[in-house]
Every structure is written in C-alpha cells, then in structure tokens.
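A short worksheet on the structure shown next.
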Amino acid sequence: MPMKKALNNFLQEFTFERQLGIMVTLGILFLALSSSLVGSWQSNERVRLNLLEQGQRITENLASQSALALIYASADNAADAVSATMAFPGVVSVEIRDVSQRVLLTHGSTDHAEFLTIVERDDSAQTAAALDAESRDAWRFAAPVYTHPSAESPFNVQTATPELLGHVYVVMSKAALTQTTTDIFVANLATSFSFALLLLFLIRFLTNHMTRPLNQLSASMARAEAGEFNVRARLSGPKDIADMAHAFNSMMSVLEERKLDLLMLNETLEQRVAEEAAKNREKDHMLIQQSRLAAIGEMIGNIAHQWRQPINTLTLLLGNIKDAHEFNELDKDYLDKSVKEGQMVIQRMSTTIDDFRNFFRPNKEKNCFSVNEVVADVLRILEAAFQSSGITIVVKGDEDVTAYGYRNEYSQVLINILVNAKDALQERKVLAGSVQISIFRRDDLSKVVVEDNAGGIPTDVLQKMFDPYFTTKEKGTGIGLYMSKMIIENNMNGSIKACNTRNGAQLSLIVPSCRPEPA
Amino acid sequence: MLRVIVMLFFAVLSFTSPASAAEEGRIAVVYPDIGEPYRGIFTSIVEGIEGKLGATVASYPVSAKTDISELKTSLQRQNTRVIIALGRQGMRVATELSGIAEVVVGGVLTVPEDEARVQPVISLSPDPALLFARMKALMPTARRVFVVYDPAVNGWLIKLAREAARAKGLELVAYEAQDLRSAVMFYQEIFSMANGRSDVLWLPQDSTTVEERSILPLVLQESWNQNIAVFSSNSSHVRRGVLFSLYPNNMALGKSLAGLAQDILVSGGYARRGMMPLRDVQSAVNLRTAKHLGLNPNGQQGFDMTFPEQ
C-alpha cells in the first residue's frame with residue numbers, strides 16, 4: 001500500500017515530462033545494469049567453458065606424451081611434457097600415476113583434499129580427458145594414458161585394444177576465470193553505462209521533441225479554458241500530436257462559432273422577449289377585451305333584465321294615464337303623480353346605465369376602494385337577475401373593508417363569480433338556490449368569500465377552472481375566471497381560490513387592504 | 001587300351017585344368033573394398049591367383065555394407081565352390097558365405113585359433129624357418145634368438161619357430177607378454193643380458209609386443225647401442241633401422257592361394273586347415289645397420305629391397 005501511495009503521488013504530482021524522464025532514466029540504468037550482469041554471466045560461462053576445454057586439451061596433450069614414461073616407469077621421459085604443461089597459464093600442478101595409482105611424477109603443489117566436488121563420469125567418457133573434481137579455487141582434470149596401437153590395417157583380423165598405462169592429473173586455478181569475469185563485468189558495465197548515457201541524451205532530445213508540442217497544446221487548452229478567444233494550437237511535433245492539435249483547433253473553431261451564435265442569440269433575446277411580452281400583453285389585452293365583451297354581453301343581459309320591470313312600470317303608467325284620460329279622471333294631481341313616478345323609474349334606469357358605464361371604464365391607476373361598496377354596486381346590477389331566478393343573496397361580514405387596486409376590475413371579477421354561481425344554480429335546477437357573500441378584514445388583507453349551494457365543482461374542473469379557454473358551458477369562452485385570476489393575482493397582488501363546501505362551491509378573493517394614512 | 005588311357009588322361013586334364021575351373025567360376029575371390037596403398041596389394045594377390053588359374057577370376061570387393069545375400073546369390077549362380085578371402089573384411093564376408101563354398105584365407109596376419117581351425121589360412125607372417133635361414137646367412141655366429149610375443153596372436157607362429165630354430169641349431173628364447181609393460185620389461189631384460197656376437201632379437205608381427213611408438217624406438221636404440229642384430233617380420237621396420245625383414249611376395253602369395261583352392265576343388269575338401277606361415281617372401285635389408293653391426297650382406301645380392309634406398 002505505501003508503494004501504491006508513493007506511485008500515485010508520483011503519477012499525480014510530477015509533470016508528464018518529468019515522469020517520462022525519470023522512468024526512462026531508471027529503465028535505461030536498469031537495462032544497463034542487467035545487461036552487464038547477464039553479459040558478464042554469459043561471458044563467465046563461456047570463459048569457464050573455454051578454460052575447461054583448455055584444461056582438457058592440456059591434460060590430453062600431457063597424457064599422450066606420458067605413455068613412454070609410464071611404459072618405462074621413468075619420470076624423465078615425461079619431464080619435458082610436464083614442464084611444458086606447467087608453463088600454461090593457470091596450471092598449478094601436474095601428476096602422473098600408473099595403473100596402480102602410484103605416483104610416477106608430480107609437479108607443483110596441490111592439496112587434493114580441497115577438491116570436495118568429484119565430477120561423476122560415465123564409463124564412455126573414461127577414454128578422454130575430463131573434469132575430474134572441482135574446488136572453490138581450482139579444477140582438476142584427469143586423463144587416462146593408453147598405448148597407441150598401430151593404425152588399423154586390412155590385414156589385422158583382431159583389433160588391438162589400447163592398454164591403460166595410468167592417469168595424468170592437471171590442476172588449473174580459477175583465478176583466470178575470476179579475473180576475466182571481473183574484467184568482463186567492468187567492461188560491460190562501462191560500455192553499457194556509456195551507451196545508456198548516450199541513449200538517455202537521445203531519449204531526452206526525443207521526449208523534448210514530443211513534450212514541447214504537448215506542453216504548447218496544454219497551454220493553448222489552458223488559455224481556452226480561461227476564456228481567451230481565438231486560441232489556436234501550433235501544428236508541430238509528431239504526427240499524432242499534430243493531429244491532436246488539429247483536432248483541438250477544429251474544436252475551438254466550432255466552439256467559437258457556437259459562442260458567437262449564442263451571443264447573437266442573447267442579444268436578440270431581449271428583443272424577442274420584449275416582442276413576446278408585447279405579444280403576450282396583446283394577447284392578454286385581447287383576452288381582457290374578450291372578457292370585457294363577454295362581461296358586457298352579460299351586463300347587457302343584466303341591464304335588459306333590470307330594465308324589463310321599469311319598462312313594464314312605465315308602460316303601465318302610460319296606460320293608466322290614457323285610461324284616466326278616457327275616463328275623464330286625468331287631472332293635474334293624477335298627471336303630476338304619474339309623471340313623478342315615471343321620472344323615478346327613468347332615474348333608476350339611468351342609474352343602471354351609469355353603473356354600466358362606470359363599471360366598464362377601466363381604471364388607469366390603483367386606488368383604495370371600499371369592498372363593501374363594490375359588493376353593493378355589483379348586487380344592484382345583478383339583483384334583478386338573481387331574483388328572477390329565485391336565487392337569494394345574503395351579504396354579511398365586516399364593514400369598512402377596503403382594498404387597494406383597480407375598483408372596476410375588482411367589480412368585474414365579482415360579477416364573473418356571482419354570474420357563474422347563478423348559472424350553476426340554474427343549470428342544476430337547485431330549488432332554493434342561494435349565494436352568500438362574506439366580507440372580511442384580516443390584518444392587511446381584504447377577503448371576500450362567495451359561497452353557493454349549487455352542489456360543488458367536480459374535482460377535475462376545480463383543477464382547471466382558472467385555465468384560459470377552459471369552460472364547462474356550451475357557449476362559454478373560458479376566459480372569465482382566467483381573467484379574474486389575472487386581475488386579482490397579477491394586477492392586484494392578491495389571490496383567488498376555489499374549493500368545495502358541503503353543499504356547493506366557495507370562491508375566495510384576497511386582496512391587500514389599503515394602507516392606513518399617516519396621522 | 002592305350003586309347004582308353006589317353007581318353008582318361010584328357011578327361012582328367014579337362015576336369016582339373018585351371019582354365020576349366022576358372023571358366024566355370026568355381027573359384028571366386030573376395031577382397032576388401034579399400035583405397036591405396038592396400039588396394040594395390042590385393043590387386044597383386046588377385047593377379048597372382050589369376051596367373052595360377054590361367055584365367056580371370058570372379059573377384060568381389062566387399063565392405064561392411066556389402067549385401068551378403070546378393071553376393072551369395074551371385075556366387076551360387078556362378079557355381080562357386082571355393083572362395084579365396086583376402087584381408088580381414090574378405091575373411092568376415094567369406095565366413096558368412098562358408099555354407100555355399102569352401103574358404104581359403106589369405107592376406108591376414110593372424111587369425112584366432114578357433115577361426116583358423118576350420119579353413120586353411122596363409123598368414124602374412126613370414127615362415128620363421130625362412131627368417132632364421134636368412135639370419136644365419138647374414139650372421140653365422142648367431143646362436144640365440146630372443147623374441148617377445150603375445151601368445152594370443154602368435155602362439156602358433158612360435159611353435160613353428162621353435163622347430164625351425166632347432167633345425168637351424170638356434171636357441172629360441174621366447175617371452176610371453178600380454179601387455180605392453182610386460183613386453184617392455186622383457187625387452188629390458190633381454191638387452192641387459194644379450195650380447196651382440198651371438199644373440200639376435202626377432203620382432204614378430206605383433207601390435208602388443210612390437211608397439212611402434214614406444215617399444216620399437218627402445219629396441220632400435222638399445223640394439224644400436226649394444227650392437228645387437230634385430231630382424232623383423234615387418235618390412236617397414238627395416239627403413240627404421242632393423243637389420244632385415246622378409247615381406248610378402250603378393251603375386252606368389254596369390255598363386256599359393258590359388259593352388260590351395262585348386263587342391264580343394266580336386267580333393268573335394270580341405271587337405272590342410274589352420275594357420276600357415278608365409279613362404280612366398282621377399283627380403284629387405286638395412287645396409288647401414290649391417291655395416292654398424294660389422295656384417296656384410298654380400299652387397300645387395302639376395303635382397304629385394306635395401307635401405308637406405310640407393
């Protein structure tokens with residue numbers, strides 16, 4: 001784990017160039033060392049084999065020259081051969097023994113007890129010189145000495161077998177091997193490190209050649225990340241890095257294009273937002289107009305309804321005046337009374353017109369108005385329609401409840417709500433239809449609750465009733481309640497909510513009250 | 001009556017004529033398929049055989065790879081009755097063919113006793129009688145002949161040598177040595193007791209007791225130093241300093257072998273079996289050695305080869 005941590009640190013903290021440099025350096029050094037060791041080992045083996053071979057040849061040579069000495073049991077006959085053998089580098093001692101292992105001649109000094117490792121050989125190898133034993137510092141070679149029968153001729157039926165005369169032993173020191181091994185190792189190491197150094201420089205040059213464009217590319221990327229515009233990488237270095245730089249440049253071009261498009265989009269966004277807002281306002285205006293027209297239509301219906309009775313009254317009055325004249329009962333008092341009554345009816349009809357005109361004159365400014373008065377005005381307009389439908393209206397609650405906003409729009413909303421309640425009661429043919437209007441004052445808010453007993457609004461309608469163009473009426477426009485919501489919530493910072501009661505539906509209007517005037 | 005006798009005579013003649021025997025292919029020669037200088041020797045022997053038979057003889061060079069069955073078929077086709085086997089390889093092949101024909105062996109130095117028993121073998125080793133005769137001619141004062149031999153190789157020859165020595169009034173002192181060191185010991189003993197006036201040393205054809213590299217130089221040196229005459233059954237020793245040697249006359253040997261083969265054809269079987277020494281010989285002398293020993297070989301008369309070469 002510490003190794004892993006160290007490795008992670010190495011990989012994360014050092015730059016790529018540094019990592020590459022360190023890894024390559026370590027790799028080359030390791031390679032130099034291991035190749036030196038392997039080379040030395042191999043050379044050691046080869047030198048060892050060469051020395052063994054040399055030892056065998058020397059021993060064989062001595063054996064071939066020792067036959068006479070063994071035949072005649074005369075050491076003098078082998079003296080020259082022994083001297084020549086001793087002259088070979090590394091030969092420490094020489095010994096000639098007869099078949100009975102009696103020493104015929106010995107030269108040099110060797111303690112045979114030091115040869116602990118005896119090399120086992122099979123019988124087939126007994127005819128040639130071979131490694132006989134080995135110690136830490138020396139090898140001992142042995143070779144049998146045989147007679148040399150004459151060359152086989154086609155006249156000899158029996159093949160003469162060589163006769164064993166004795167053995168020769170040659171001891172060779174391993175000093176030469178050790179020295180050679182050391183020399184080879186040092187030479188290999190020096191050579192390997194020299195080449196390693198050269199290679200290192202070369203690789204450093206190549207890595208620089210590779211990392212420079214990478215660094216440049218990295219710098220370009222950093223500049224692009226910092227938000228710099230028109231950043232392009234240089235196409236240099238190895239092909240794959242140049243390809244990377246090219247890809248980066250293409251990416252930057254596309255990015256900048258998109259940025260420009262975005263900028264342009266942003267710039268036009270305000271304009272388009274404004275356009276859209278204007279369109280929405282236009283739409284809202286149209287909706288308001290449509291709503292107003294719908295309300296006007298409704299109102300005209302109400303006016304017609306309200307005027308029906310006065311017109312009937314006037315018709316009755318005129319009829320009475322005619323009848324009175326015909327029956328010679330028309331006198332000044334009767335005429336004055338009828339005229340006064342007629343004027344009162346007309347006055348009432350005119351008030352309705354005024355109410356209608358005032359109602360549909362949009363307010364330009366927000367003002368403080370009396371909610372109670374607005375409710376009274378609205379009821380005045382709708383009273384007749386409700387009565388003719390057999391619907392009772394009850395008003396209760398607080399007095400002097402005020403609201404801050406647009407009076408006429410508020411009135412429009414109330415009318416909308418009350419007309420919807422009337423339509424619901426009529427549609428469901430509720431026998432004792434009633435609408436209760438409650439007016440409250442709560443802290444800084446005015447609350448008007450309109451409750452009917454028309455049986456309630458279905459849940460799915462309740463969720464969508466304030467959506468534009470949503471209607472349950474066959475010939476409805478679907479904008480009345482939507483406009484009411486817009487007026488109360490958007491224009492007057494209030495809220496309008498609908499829910500069901502035990503017997504019917506309840507709509508609540510909450511609008512901020514007027515702020516009290518400072519004393 | 002005379003007519004009958006003449007007709008019988010001619011019948012026997014035709015039956016036994018050499019030309020007849022050869023023409024019927026009843027004698028064949030197998031010899032080693034080998035290069036020079038040995039090929040020339042066997043060629044001479046074959047020439048001798050053909051000379052004796054008076055006609056070309058079927059001769060087959062053989063080696064270790066020879067197809068024996070094919071050779072057998074060929075010999076049978078030719079109605080071969082006697083095979084003259086030359087050399088070691090010829091003898092080995094002939095041994096495998098002995099079922100179809102009788103065998104006469106020549107061109108070998110010595111044969112193991114059990115093999116020599118079954119057929120006649122003319123050895124390349126010169127007859128000791130001839131050697132001793134030549135020795136006595138060269139050195140009349142010679143009385144004792146020393147020899148070191150391996151009984152496994154030359155036991156049969158020494159038997160003949162004892163008889164020959166007795167016949168020539170010589171004492172044969174023979175030492176049996178089965179290895180080189182024993183042989184050296186004996187030679188050392190010989191040289192310690194021998195004197196140049198009456199003692200001579202015989203070197204038989206024996207790779208154990210006359211080893212070329214270690215014994216021959218000793219013998220030559222000691223004999224020179226002590227003026228002891230040495231004669232050899234190996235002619236190559238004469239060049240190196242031995243006094244004289246007898247060596248094969250190849251052509252004559254061929255004739256002898258052919259004669260043996262004819263005898264077999266005539267008699268229908270072996271008249272003789274076993275090792276026979278070589279009697280068809282030529283002689284070589286080393287004049288320098290002779291001079292050193294104070295001998296006069298009558299110039300070059302009687303010797304077929306002299307050394308140093310003139």
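Just the heavy atoms: all of them, side chains too, but no hydrogens, waters or symmetry mates, feed the values below.
The number of heavy-atom neighbours closer than 6.0 Å to CZ of Arg239(B), taken from other residues, nucleotides and ligands shown, is 12 or below. The 12-atom threshold is exceeded at CZ of Arg39(B), counting heavy atoms of other residues, nucleotides or ligands nearer than 6.0 Å. Residue Trp41(A) places its CH2 atom among 12 or fewer non-hydrogen atoms of other residues, nucleotides or ligands, all under 6.0 Å distant. Remark: Gln221(B) CD is loosely packed, at most 12 non-hydrogen atoms of other residues, nucleotides or ligands lying under 6.0 Å away. The environment of Met193(B) atom CE is dense: over 12 non-hydrogen atoms of other residues, nucleotides or ligands sit within 6.0 angstrom.
In this structure, the portion of Gln188(B) lying under 4.5 Å from any heavy atom of chain A is its side chain and not its backbone. Contact of Leu86(B) with chain A is not made at all, since no heavy-atom distance falls under 4.5 Å. Contacts of Leu109(B) with chain A are made by both backbone and side-chain atoms, with heavy-atom separations under 4.5 Å. Only the backbone of Ala152(B) comes within contact range of chain A, judged by heavy atoms closer than 4.5 Å. The parts of Leu180(B) that come within reach of chain A are both its backbone and its side chain, each placing non-hydrogen atoms under 4.5 angstrom from that chain.
Between Met91(B) and Val157(A), the closest heavy-atom pair is SD-CG2, 4.0 Å. Nearest heavy atoms, Ile215(B) versus Tyr72(A): CA-OH, 3.8 Å.
Atom CG in Leu218(B) sits 8.5 Å away from atom CG in Leu68(A) (nearest 0.5 Å). Residue Leu165(A) holds its CG atom at 7.5 Å from OG of Ser214(B), rounded to the nearest 0.5 Å.
Looking at heavy atoms from C-beta onward, Arg181(B) lies in side-chain contact with Val99(A) at the 4.5 angstrom threshold.
Under the 30°/60° scheme for interplanar angles, the aromatic rings of Phe155(A) and Phe42(B) are found to be tilted.
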